[in-house]
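Remember, it's a predicted structure, so these values are computed and weren't measured experimentally. Only this structure's heavy atoms are used, side chains among them; waters, hydrogens and symmetry mates stay out.
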Amino acid sequence: MHLLYIDVEVNGYKFKALVDSGAQATIMSPACAEACGIMRLVDKRFAGVARGVGTANIIGRVHSAQIKIGALFLPCSFTVMEGKQVELLLGLDMLKRHQASIDLAKDKLIIQGVEISFLGEADIPKESQEAQESEPRVPGPAGTTIGARSGAVTAPSEPAPSASGAPRPGPSQPVAAPPPAHNFPREHIDQLKALGASEEKAIQALEATGGNVEYAASLIFND
C-alpha cells in the first residue's frame, strides 16, 4: 500500500497530512486540533458517532481555519474525530473545494498551479503505515479495499485462480461491484435526494458522517 503524505502547517504547527481522495470528508484528530490551537473553534452541534467497522466519536466541526500547504494559505474545514491513526486526513471535500489534482506521474499534489511533492516512504509516519496495514478493510469500488479507520484506498490485488483453476475476471473482464450495504433510514436518504443528490451520493454522505443528516447535507452543498 502506498500512502500519499504532504507537509502542512496550521497556526505554526507543522505536521504530515494524509491525502486521500477516497475519503469524503477532511478529518483531524483531537490531539492535532489541540496542538494547532483550534479546539476553541469546534462547533459541537456537529458532534455524533461515526459508524462503520466499529465506531468513532465525532467531537464536532471546525467550519473554517487556515492551512498552509507549500506556499499556499488555504481556508479549510475539518471534522474533528477520534479513532484516526493520522493527525489530518485531507479528503475529497477539501480537494474539490480548491480544485486540487493528484499527479502520480510527477508524484505531486497540484493546487492552483502550485506543485507540492508527496513525501517519500522514509518520511511517512511509521505508526501510520503499521496501523493501516493491520486495520480492518471493507470493499470499495472497482475491486479496491478501503481502510475502515483511515479511509486509505488500496488498489485491487492480482486476480486469484478460481476453484476450477480458471483465472477469475481481471481488469479486462470488469465485474460490477455490488451496491454498498447500509442501515440508514429511507427518509434520511430521501431528504438528501431532495437536495439534488443521487441515491449513491446521499448514502456516501451519510456514511462519511455516521448518519448525521445535517452534516451530510452540508457535505452535499459543498460538493
>> For Leu18 and Ile124: C-alpha separation, side-chain torsions, deciding distance, then whether side-chain contact (heavy atoms from CB on, under 4.5 Å) applies.
In response: CA-CA 9 Å; Leu18 174 64; Ile124 294 175; over 6 Å; no

> With a 4.0 Å cut-off, would you call Glu87 and Lys16 a salt bridge?
Replying inline: no

>> Any heavy-atom pair between the side chains of Asp7 and Ile116 that's under 4.5 Å?
In response: no

>> With rounding to the nearest 0.5 angstrom, report the CG to CD1 distance, Leu72 to Ile67.
In response: 11.0 Å

>> Once rounded to the nearest 0.5 Å, what's the spacing between atom CG of Asp103 and atom OG of Ser117?
In response: 11.0 Å

> Which distance, rounded to the nearest 0.5 Å, do you find between the SG of Cys32 and the CE of Met39?
Replying inline: 11.0 Å

>> I'd like to know whether Glu115 forms a side-chain contact (heavy atoms from CB on, under 4.5 Å) with Lys106, so could you lay out the CA-CA distance, the side-chain angles of the two residues, the decisive distance to 0.1 Å, and finally the verdict.
In response: CA-CA 9 Å; Glu115 298 183 352; Lys106 292 183 176 181; 2.8 Å; yes

>> Give me the atom names and distance for the closest heavy-atom approach of Cys36 to Asn11.
In response: O-ND2, 2.9 Å

>> Counting C-beta onward and ignoring hydrogens, is there a side-chain heavy-atom pair between Val62 and Asp43 closer than 4.5 Å?
In response: no

> Would you say the side chain of Val80 lies within less than 4.5 Å of the side chain of Ile58, judging by non-hydrogen atoms?
Replying inline: no

>> Within this structure, what is the CG-CD1 distance for the pair Leu90 and Ile69, rounded to the nearest 0.5 Å?
In response: 5.5 Å

> With a 4.5 Å heavy-atom cut-off, do Gln99 and Gln112 have their side chains touching?
Replying inline: no

> Heavy-atom distance under 4.5 Å between the side chains of Leu95 and Val19, does that happen here?
Replying inline: yes

> What's the shortest heavy-atom distance between Ala197 and Lys201, and which atoms?
Replying inline: CB-CB, 4.1 Å

> What do you reckon, is CD of Glu187 surrounded by more than 12 foreign heavy atoms closer than 6.0 Å?
Replying inline: yes

> Could you give the distance from CZ (Phe118) to CD1 (Ile6), rounded to the nearest 0.5 Å?
Replying inline: 7.0 Å

> Can you name the closest pair of heavy atoms from Val86 and Ser29 and give their distance?
Replying inline: O-CB, 3.9 Å

> Between CG of Leu88 and CZ of Phe15, what distance do you get to the nearest 0.5 Å?
Replying inline: 5.0 Å

> Just by distance, do the side chain of His188 and the backbone of Leu206 share a donor-acceptor pair under 3.5 Å?
Replying inline: no

> So do Phe73 and Glu9 actually touch side chain to side chain, heavy atoms under 4.5 Å?
Replying inline: no

>> Using every non-hydrogen atom in the two residues, find where Ala202 and Lys193 come nearest and quote the distance to one decimal.
In response: CB-CG, 4.4 Å

>> Quick one, Phe78 and His63 - any side-chain contact, counting heavy atoms below 4.5 Å?
In response: no

> Do the non-hydrogen side-chain atoms of Ser64 and Ser77 ever get within less than 4.5 Å of each other?
Replying inline: no

> Salt bridge check: are Asp93 and Arg97 linked by an N-O gap of less than 4.0 Å?
Replying inline: no

>> Keeping Asn57 on the side-chain end and Ile59 on the backbone end, is there a donor-acceptor pair under 3.5 Å?
In response: no

> Is there a donor-acceptor pair under 3.5 Å between the side chain of Thr26 and the backbone N or O of Gly91?
Replying inline: yes

